[in-house]
Amino acid sequence: MKPQKTRVRFAPSPTGLLHVGNARTALYNWLFARHTGGQFLLRIEDTDLDRSEAKHEAQLMEDLRWLGLEWDEGPGVEGPHAPYRQSERLGIYREHTERLLAARKAYRCFCSNEELEAERARAAAEHRPQVYSGRCRALSAEESAERAALGEPFAVRLRIPDHPLRFHDMVRGEVEFAQETVSDPILVRSSGVPVYNYVVTVDDALMEITHVIRGDDHLSNTPKQVAIYEAFGWKVPEFAHLSTILGSDRERLSKRHGATSIASFREMGILPEALVNYLALLGWGAEGGTRETFTQDELTREFKLERVTASPAVFDWAKLHWLNRHYLKQAEPARLAELAWAYFEQAGRLRRQDKASAEMLAWMESLIAVFLPSLDQLNQLPEKAAFIFQFDPEAARADEENAMVLGSATSEKVLAAFASRVGGAASGGVTPEQFKAWMNEIKAETGAKGKDLFHPVRIALTGAHSGPEFDKLIPVIETGSKLDLPAHVLSLRERVEMFLRE
RNA sequence: GGCGCCAGGGUGUAACUGGUUAACACGCCGCCCUCUCAAGGCGGAGAGUUCGGGUUCGAUCCCCGAUGGCGCUACCA
């Protein structure tokens with residue numbers, strides 16, 4: 001028997017931003033499809049027209065593409081099972097409902113809301129499962145048709161079979177629900193709008209989905225869906241219910257925990273490869289378990305659904321940051337310069353049009369290299385680099401620790417010696433080699449060494465007694481001072497002069 | 001209330017079909033490097049696998065129960 005081609009889908013509703021939980025579901029679907037050589041579809045669940053918005057759909061697709069999760073069928077790509085938007089498939093559902101009704105697998109339910117509520121209350125009081133009594137199940141075909149024809153409002157319910165509903169879950173194993181604990185589910189509301197559990201099942205079947213990979217909040221809905229497959233005589237697919245992602249307080253991760261949308265991660269300057277790697281690790285571990293960093297290709301090769309954990313995982317910013325730092329260091333400087341530009345632009349440090357200048361871009365690359373080792377997210381860059389663009393001697397002196405350094409006897413001598421050298425520097429700017437030579441001279445001249453030697457100079461140049469190494473920093477400052485920027489970047493010489501004038 | 005899922009260091013995971021001093025990574029702490037902050041290198045602490053039974057020569061792993069967390073229980077998705 002030749003193996004069936006796997007087909008999976010990611011089916012979000014466009015009611016808001018794509019967040020980590022859903023993104024991880026999408027990723028696992030995508031990885032599974034790619035690993036097995038199958039297909040990954042995107043389907044938009046927009047039956048809830050009040051909450052669905054076109055802009056969310058567009059954002060969703062953009063976010064998926066940013067993560068590198070291209071779909072083989074779906075909006076924008078189309079395919080043999082189009083349309084891929086549920087709002088455009090209403091006719092299909094209606095047709096299928098007719099079939100079920102005709103086959104008496106489903107029936108019209110004329111019960112009112114009040115009646116149903118009373119029924120539930122009674123069941124709760126008697127400690128029984130709150131399932132529908134099935135009162136309208138017994139209605140004859142004639143009576144049912146007659147009341148419908150008379151205009152009496154009705155919903156359509158599925159007849160739950162009288163055998164246990166079981167299915168296989170690749171994460172949880174065999175799962176079984178006793179039939180008496182599952183209520184005859186509503187398929188179509190009295191308004192005529194079909195219900196989520198119903199349309200999902202119809203679509204999954206018609207789109208020939210072989211593996212339904214989704215969040216475990218759907219686990220308890222699955223027996224109903226299995227019953228729908230059975231009612232139509234369709235093959236029940238494999239399921240894989242992914243555990244929830246929790247916040248550090250072990251509560252379901254939500255906006256309450258801060259930024260959790262994919263869009264916000266991108267805005268912060270988290271690289272997509274870092275996020276993909278992190279999300280993959282959240283609920284899955286490679287065989288052997290000694291590797292943590294995986295490219296998307298490596299994940300595709302290693303990812304096995306059977307290895308996904310059933311227990312919920314806590315989202316950890318520290319580890320995401322660690323991975324982001326890792327990928328930031330791997331990234332092409334030109335790419336980082338391009339990405340970082342937006343943040344500096346926002347901070348008013350750079351102009352958009354200057355991106356066209358190779359000189360500017362090169363300078364940006366060297367600037368990023370200076371701060372890269374201490375960067376969690378790219379958007380931290382303008383703040384870390386602020387002292388390059390804006391030098392404030394007064395504030396530097398005001399700092400308590402700085403004042404202590406500057407108060408020492410040698411610091412004055414050191415600064416004077418340094419100032420005289422910078423003052424006489426060639427117009428080309430100070431080079432790191434020159435700087436090093438000067439510091440050696442000053443060391444010999446004043447007897448100051450180590451912190452006593454470097455800290456006063458560092459404060460006079462950067463405003464702080466700690467910061468990046470001078471070798472990398474000096475070229476950035478000197479080159480920057482010659483560029484045409486929104487605000488002039490002070491050269492070493494200008495900094496020292498200004499500092500001593502204060 | 002009913003039904004279902006889950007349960008290992010602070011966190012994410014590894015541990016072949018039951019046999020390991022319970023491994024790796026993040027984080028934390030320390031040391032080295034260094035003018036400093038990072039980065040990097042080296043090392044350390046931190047769980048005996050929720051609890052109670054059972055099966056077994058032997059359970060993190062299999063079974064039962066309890067407890068806790070979560071989900072579903074809608075004419076929400």
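Values reported hereafter were calculated over all heavy atoms of this structure, with side chains retained and with hydrogens, waters and symmetry mates removed. So you know, we letter chains A, B, ... as the sequences are listed, proteins then strands, and number each from 1.
Listed in residue order, the members of residues 184-192 of chain A having a heavy atom less than 4.0 Å from RNA chain B are A/Ile186, A/Arg189, A/Ser190. Near RNA chain B, defined here as any heavy-atom distance below 4.0 Å, the residues from residues 435-455 of chain A are A/Gly450, A/Lys451, A/Phe454, A/His455, listed numerically.
For A/Tyr278, there are no side-chain hydrogen bond (donor to acceptor under 3.5 Å, both in side chains) partners, not counting sequence neighbours. Every side-chain contact (heavy atoms from CB on, under 4.5 Å) that A/Ala313 has, sequence neighbours left out, goes to A/Leu282. Checked against side-chain hydrogen bond (donor to acceptor under 3.5 Å, both in side chains), A/Arg335 has the following partners two or more places apart in sequence or in another chain: A/Glu273. Considering only residues two or more places apart in sequence or on other chains, A/Asp376 meets the side-chain contact (heavy atoms from CB on, under 4.5 Å) condition with A/His321, A/Arg325, A/Gln380. Evaluation of the side-chain hydrogen bond (donor to acceptor under 3.5 Å, both in side chains) rule for A/Glu88 yields A/Arg85 as partners, not counting sequence neighbours. By the side-chain contact (heavy atoms from CB on, under 4.5 Å) test, A/His19 is found to be paired with A/Asn22, A/Thr260, residues two or more places apart in sequence or in another chain being considered.
One atom, CZ of A/Arg120, and another, C1' of B/rC72, lie 14 Å apart when rounded to the nearest Å. As rounded to whole Å, 19 Å separates atom C1' of B/rA15 from atom CZ of A/Arg291. As a whole-Å value, the separation of A/Arg85 CZ from B/rA77 C1' is 18 Å. Separating the OH atom of A/Tyr196 from the C1' atom of B/rC72 is a distance of 13 Å, rounded to the nearest angstrom. For A/Glu302 and B/rA14, the CD to C1' distance is 13 Å, given to the nearest whole Å. Nucleotide B/rC24 holds its P atom 18 Å from the CD atom of A/Glu287, rounded to whole Å. One can place NE2 of A/His326 at 22 Å from P of B/rG12, the figure rounded to the nearest angstrom. Rounded to whole Å, atom P of B/rC75 lies 19 Å from atom CZ of A/Arg108.
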Walk along nucleotides 37-49 of chain B from 5' to 3' and tag each nucleotide B, S or - by protein heavy-atom contact under 4.0 Å, base first, then sugar-phosphate. BBSS---------

Sugar-phosphate means primed atoms, P, OP1 and OP2; the rest is base. With that split, encode nucleotides 1-11 of chain B 5' to 3' as B, S or - using protein heavy atoms under 4.0 Å. BSSSSSS---S

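For the P atom pair drawn from B/rC26 and B/rG44, the interatomic distance equals 15 Å after rounding to whole Å. Annotation: B/rG43 and B/rU60 have their C1' atoms spaced 28 Å apart (nearest Å). Using C1' as the reference atom, B/rG27 and B/rG10 are 8 Å apart when rounded to the nearest Å. Going from the P atom of B/rC37 to that of B/rC31 covers 12 Å, rounded to whole Å. Across the P atoms, B/rA74 and B/rU11 are found 34 Å apart, a figure rounded to whole Å. Going from the C1' atom of B/rG46 to that of B/rC6 covers 24 Å, rounded to whole Å. Using P as the reference atom, B/rA38 and B/rC32 are 15 Å apart when rounded to the nearest Å. Separating the P atom of B/rA14 from that of B/rC61 is a span of 16 Å, rounded to the nearest Å.
Between A/Phe371 and A/Leu367, the shortest heavy-atom contact is CD1-O, 3.2 Å. A pairwise comparison of heavy atoms in A/Leu60 and A/Pro12 identifies CD2-CG, 3.2 Å as the closest pair.
For the side-chain hydrogen bond (donor to acceptor under 3.5 Å, both in side chains) test with A/Arg9, the passing option among A/Asp204, A/Asn29, A/Asp203 is A/Asp204; the others fail. Only one option out of A/Asp169, A/Asp216, A/Asp217 pairs with A/His241 in a side-chain hydrogen bond (donor to acceptor under 3.5 Å, both in side chains); it is A/Asp169.
Contact annotation for A/His321: no contact, since no heavy-atom pair falls under 4.0 Å across all strands. When heavy atoms are screened at a 4.0 angstrom cut-off, A/Phe371 is found touching no nucleic acid atom at all. Backbone-only contact: A/Gly283 has heavy atoms under 4.0 Å from sugar-phosphate atoms and none from a base. Nucleic acid contact for A/Gly285: sugar-phosphate only, since backbone atoms but no base atoms lie under 4.0 Å from a heavy atom of the residue.
Two rings, from A/Tyr196 and A/His218, have their centers less than 6.0 Å apart. Ring centroid separation for the pair A/Phe32 and A/His211 comes in under the 6.0 Å cut-off.
The nucleotide whose nearest atom lies closest to any side-chain atom of A/Thr244 is, among B/rU36, B/rC70, B/rC72, B/rC70. Listed nucleotides: B/rG12, B/rC35, B/rU73. Nearest to the side chain of A/Leu282: B/rG12.
In this structure the side chain of A/Ser243 never reaches within 4.5 angstrom of the side chain of A/Ser311, judged on heavy atoms. Between A/Trp284 and A/Glu302, some side-chain heavy-atom pair lies under the 4.5 Å cut-off.
The 5' end of RNA chain B is approached more closely, in terms of each residue's nearest nucleotide, by A/Arg458 than by the other of A/Arg458 and A/Leu246.
Taking side-chain N and O atoms only, A/Arg307 has a distance below 4.0 Å to OP1 or OP2 of B/rA15.
Aromatic ring orientation, A/Trp317 versus A/Phe265: tilted (interplanar angle from 30° to 60°). Ring planes of A/Phe418 and A/Phe435: perpendicular class, angle over 60° (limits at 30 and 60°).
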Dot-bracket for RNA chain B, 5' to 3', counting Watson-Crick or G-U wobble pairs under 3.5 Å, with [ ] for crossing pairs and | for inter-strand pairs? (((((((..((((.....[...)))).(((((.......))))).....(((((..]....))))))))))))....

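Between A/Glu53 and A/Lys55, at least one side-chain nitrogen of the basic residue sits less than 4.0 Å from a carboxylate oxygen of the acidic one, meeting the salt-bridge criterion.
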Please produce a list of atom pairs where a protein N or O lies less than 3.5 Å from an N or O of nucleotides 64-67 of chain B.
none

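Cation-pi check for A/Arg307 over A/Phe303 is not met; the charged atom does not lie both under 6.0 angstrom from the ring centroid and within 45 degrees of its normal. Geometric assessment of A/Arg157 against the ring of A/Tyr132 yields a positive cation-pi assignment under the 6.0 Å and 45° thresholds.
Residue side chain A/Arg252 does not reach the base of B/rC70 through any donor-acceptor N/O pair under 3.5 Å, judged by distance alone.
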Determine, step by step, whether A/Glu306 and A/Lys304 satisfy the salt bridge (Lys or Arg N to Asp or Glu O under 4.0 Å) criterion, reporting the C-alpha distance in whole Å, the side-chain angles of both residues, the deciding distance to 0.1 Å, and the verdict. CA-CA 5 Å; A/Glu306 294 84 348; A/Lys304 290 200 183 71; over 6 Å; no

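Applying the 90° cutoff around 0 to the glycosidic angle, B/rG40 is assigned anti.
Between A/Asp162 and A/Gln179, the side chains place no donor N or O within less than 3.5 Å of an acceptor N or O (distance only, hydrogens not considered).
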